[in-house]
Amino acid sequence: MMDNKVRFFDTTLRDGEQAPGYSMNIDEKIRMARQLEAMGVDVIEAGFAIASPGDFESVRQIARAVREPVVASLSRALVKDIDAAYDAVREAARPRIHTFLATSDIHLEFKLRMTREQALKRAVEAVKYARGKCGDVEFSLEDASRTDPDYMCRVVEAVIAAGATTVNLPDTTGYATPGEIHDMVSNVMNRVPNIDKAVISMHCHDDLGLAVANTLAGIAAGARQAECCVCGIGERAGNAALEEIAMGLRVRRDSYGLEYGIKTEEIAKTAQLLASITGVKIAPSKAIVGANAFAHESGIHQHGVMANVKTYEIMTPESVGFKKTALVLGKHSGQHAFSRRLADLGYNVDKTLEDRLFADFKKLADRKKTIEDRDIVALVETATGHTPGENDWKLKNYVVSSSNKMFSTACVTLVRNGKEVTESAFGSGPVFCCIRAVEKIVKHSFSLLDYQIQAVTERRDAQGEVLVKISDDAGTYRGRGVSTDIIEGSILSTLDAVNKMLGDPKGKSLGTGAASKAQHTFEDDLLTGRTDKQRD
Ligand code: MN
């Protein structure tokens with residue numbers, strides 16, 4: 001089907017989330033999915049339902065949480081996978097089953113140990129089975145870019161005849177060049193007789209830095225779905241970056257002449273939400289959303305931009321949602337100005353949350369002269385990340401001493417349900433001591449997997465943002481704390497993670513990477529020669 005609209009298929013929550021450092025718990029995935037919906041993506045790939053009970057549950061909750069986008073779950077070409085995928089997405093307003101099988105000779109011979117004919121038959125059976133459950137079925141020819149072109153045409157024709165409504169031709173290994181992708185898609189568009197019955201999709205990896213170029217080359221040749229991730233996260237070097245494809249189509253409409261549903265003004269907020277949830281910062285030079293993407297540094301460029309912004313700027317910061325700061329907020333700002341700034345930053349908060357945020361803002365303004373947009377974003381992210389409950393531990397006070405010649409010491413008092421507990425610890429540094437004291441108070445041991453600290457804004461009175469990752473036997477938990485005092489920020493971020501750990505562990509943990517385990521089961525199935533029917 002070659003109409004005029006490019007569909008955006010976002011896989012941040014599946015391919016993106018598989019990448020190291022980007023794990024999200026269910027609550028975080030739902031927040032991300034809601035923002036993807038607000039940005040106007042056409043399809044959300046919510047996960048890989050068979051991979052683990054946690055994956056299944058998050059796909060199901062996302063399917064319930066969004067109404068506009070299609071919600072898809074990935075599944076191998078196996079009956080039990082397709083069953084799980086459909087059970088997870090069936091409550092979506094628009095469910096999709098996305099099933100895949102490799103078609104390149106190297107994958108067929110060494111991974112699947114199947115002949116081309118066996119793979120063709122399996123693909124058709126999988127699509128037919130999926131169509132029996134769901135009217136919207138996508139089939140991916142894994143490693144398409146290294147698949148024999150004649151065989152590719154046969155598979156595409158057969159799966160469309162079997163009922164696939166979208167056919168994806170991925171560059172799984174990030175190996176292809178834009179010219180090759182253009183030829184591959186043109187070949188399929190020209191030679192497959194029933195090609196008008198399905199949408200051709202691109203899914204390109206960035207191993208050679210060509211994912212976006214390859215995706216756009218495929219689109220130019222007739223593909224009408226782009227599979228991509230916010231900030232280009234994903235397996236290895238990642239996937240094509242959603243914001244780069246969208247702005248490519250917008251800024252170069254003269255070249256592509258295609259429509260899309262992405263509200264590009266939501267792009268910056270979406271990228272910032274991903275960074276804030278995962279704790280992985282956006283590189284300053286990242287196209288479209290990096291801090292330097294619209295900064296003109298050299299004198300010649302600045303002169304040009306002042307004379308006429310079009311000399312060096314091909315798109316405006318506002319077109320991707322970066323807002324100009326008109327007024328500075330400080331301790332004398334009232335709630336009206338504060339709530340207007342919240343709205344300008346794209347936050348739609350209820351009155352209760354607004355009151356709480358305004359109180360936090362006033363406290364911050366006592367410690368910091370000017371409050372910038374990034375400070376407000378930090379306040380909102382802290383307040384919405386984890387709502388403190390009755391049973392949560394809260395910080396009452398602490399004192400530390402640190403020295404270059406002696407042990408550091410910390411004494412920390414926490415409160416829970418009105419009861420105060422104080423503990424002290426000594427060790428090699430004040431942060432270590434505070435975390436140890438917290439561990440003693442809550443009587444639950446954990447290990448610290450990651451600790452990051454970064455200034456939220458410039459200048460000496462800047463707030464420090466501390467991100468920690470801790471784990472116990474049951475799972476891994478992320479915490480975040482912001483303060484003008486880095487020791488306080490460290491304790492707050494530890495408490496944020498500890499409260500998640502001690503609270504209902506279900507849904508708060510980041511899981512244990514079960515997607516890779518499923519891959520083994522899959523290969524085991526095929527290596528032992530068992531068929532779907534024998535398994536079920
Ligand atoms: Mn991929």
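We count ligands from 1, going down the list as the structure has it; atoms in each ligand are counted the same way. As a basis for the values below, the full set of heavy atoms in this structure was taken, side chains included, without hydrogen atoms, waters or symmetry mates.
With respect to the Mn ion (ligand 1), D15 has OD2 as its nearest N, O or S atom.
In this model, no donor atom of one side chain and acceptor atom of the other lie less than 3.5 Å apart for Q118 and R122.
Counting backbone and side-chain atoms alike, E235 contributes no N/O/S atom closer than 2.8 Å to the Mn ion (ligand 1).
The shortest side-chain heavy-atom distance between V320 and V289 does not fall under the 4.5 Å cut-off.
Between H205 atom NE2 and H203 atom NE2, the angle centred on the Mn ion (ligand 1) amounts to 90° (nearest 10°).
Considering E138, R96, R131 in turn, R131 is the only one that fulfils the side-chain contact (heavy atoms from CB on, under 4.5 Å) rule with T165.
Judged by distance alone, with hydrogens and angles left aside, the side-chain atoms of S319 form no donor-acceptor pair with the main-chain N or O of M315 at under 3.5 Å.
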